[in-house]
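Before any comments, here is the structure.
Worth saying up front: this structure is predicted, and the values here are computed from it rather than measured.
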Amino acid sequence: MTKGIDRDLLEVGRGGHGGNGNGVVLVHGAIGDGEFAWDELLPHLADRFTCYLPSTRGRGLSADHPDHSLPRLQEDVIAFVESIGEPVSLMGWSGGGPFVLGAAARSDAVAAVAVWESGASADALGPDGQACLGQLAAAIEQVGVAASDGRLIDAVHAFLAGICNDDEVAALDGTDFHERWSGSVPQLLSFYQQLMASEGPGPDHPEALAQVTVPVLLLTGE
């Protein structure tokens with residue numbers, strides 16, 4: 001089923017999949033949307049949980065909005081989980097990790113939170129992380145160049161060079177990943193441009209994370 005909720009020009013596509021299990025909200029990363037980001041994982045969850053697959057601003061069924069900042073996206077996630085009407089578990093992937101953790105810190109509607117290879121804003125990173133952020137910034141610059149020329153598939157290739165290792169890039173080259181995910185490139189750029197221009201602590205700052213009192217699972221892998 002697909003349903004929408006409105007919040008300041010944002011319409012979140014709400015898809016409930018599964019039977020009578022507890023609710024799990026799966027939030028996509030900086031690229032992609034809820035319509036297909038979790039395709040490979042859903043078969044392992046849908047027989048035990050009711051899975052909700054929201055799309056953030058300008059993706060999937062959601063209307064766009066100029067504000068793609070971490071705090072605002074965090075507020076959107078909070079609005080979504082609270083609209084379900086009962087506590088849910090919340091999972092965020094990559095760039096979705098910071099605002100998922102922020103939502104867990106601020107909403108009683110989140111019963112537990114998991115993040116898979118969470119991205120982080122600059123104020124949450126140590127020296128090694130700062131080097132990774134520099135590599136990502138260089139990739140985003142190339143994404144912007146390709147997108148300005150209308151080469152959205154090339155833009156996806158450029159983005160992957162900033163977040164994936166060589167084996168991961170090679171594995172994706174034989175799939176339709178780039179074509180399917182290219183539609184979210186404009187929102188990807190807005191997200192990172194606003195992230196890099198942001199000032200002050202974000203929702204993933206250590207002081208903010210100290211407010212998370214529910215169980216937390218941190219995941220990494222290929």
[X] versus [Y], closest heavy-atom pair with distance:
X: Ala111; Y: Pro215; value: O-CD, 3.4 Å
X: Pro54; Y: Leu26; value: CD-O, 3.4 Å
X: Ser184; Y: Gly32; value: OG-N, 2.8 Å
X: Val77; Y: Ala103; value: CG1-CB, 3.8 Å
X: Leu188; Y: Ala30; value: CD1-O, 3.5 Å

Check: [Y] main-chain N/O paired with [X] side-chain donor or acceptor under 3.5 Å:
X: Gln74; Y: Ser69; answer: no
X: Thr175; Y: Ala171; answer: no
X: Ser148; Y: Val145; answer: yes
X: Ser55; Y: Gly34; answer: yes
X: Asn165; Y: Glu168; answer: yes

Linking I/L/V/M/F/W/Y whenever their side-chain heavy atoms sit closer than 4.5 Å, directly or via other members, would [X] and [Y] fall into one cluster?
X: Phe191; Y: Ile78; result: no
X: Val216; Y: Phe99; result: yes
X: Val25; Y: Leu217; result: yes
X: Leu41; Y: Val100; result: yes

What's the spacing between [X] [atom1] and [Y] [atom2] if we round to 0.5 Å?
X: Leu195; Y: His68; atom1: CG; atom2: NE2; result: 13.0 Å
X: Trp116; Y: Met91; atom1: CH2; atom2: CE; result: 7.0 Å
X: Glu179; Y: Phe177; atom1: CD; atom2: CZ; result: 10.5 Å
X: Phe159; Y: Leu136; atom1: CZ; atom2: CG; result: 6.0 Å
X: Leu219; Y: Glu117; atom1: CG; atom2: CD; result: 9.0 Å
X: Arg59; Y: Leu61; atom1: CZ; atom2: CG; result: 13.5 Å

Just by distance, with hydrogens left out, do His65 and Arg57 show a side-chain donor and acceptor under 3.5 Å apart?
yes
Testing the 3.5 Å rule here: is there a donor-acceptor pair between the side chains of Ser107 and Glu82?
yes
Test of understanding: with side chain to side chain donor-acceptor pair (under 3.5 Å), list the residues that count as partners of Ser182, not counting sequence neighbours.
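Scan of Ser182 (side chain to side chain donor-acceptor pair (under 3.5 Å), adjacent residues dropped) gives none.
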Quick one: does [X]'s side chain get under 4.5 Å of [Y]'s, heavy atoms only?
X: Trp181; Y: Asp33; result: no
X: Val24; Y: Val88; result: no
X: Thr56; Y: Asp76; result: no
X: Leu42; Y: Cys51; result: yes
X: Asn22; Y: Thr50; result: no
X: Ser118; Y: Pro98; result: yes

Do other residues, nucleotides or ligands put more than 12 heavy atoms under 6.0 Å from the CG atom of Asp176?
yes
Kindly check if the number of other-residue, nucleotide or ligand heavy atoms within 6.0 Å of CG (Asp149) is above 12?
yes
Quick one: do His157 and Asp173 satisfy side chain to side chain contact (heavy atoms under 4.5 Å, CB included)? Show the steps, please.
CA-CA 9 Å; His157 281 278; Asp173 281 344; 3.7 Å; yes
Output yes when Arg180 and Asp39 qualify as a salt bridge under the 4.0 Å nitrogen-oxygen rule, no when they do not.
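Looking at Arg180 and Asp39, the cut-off is met.
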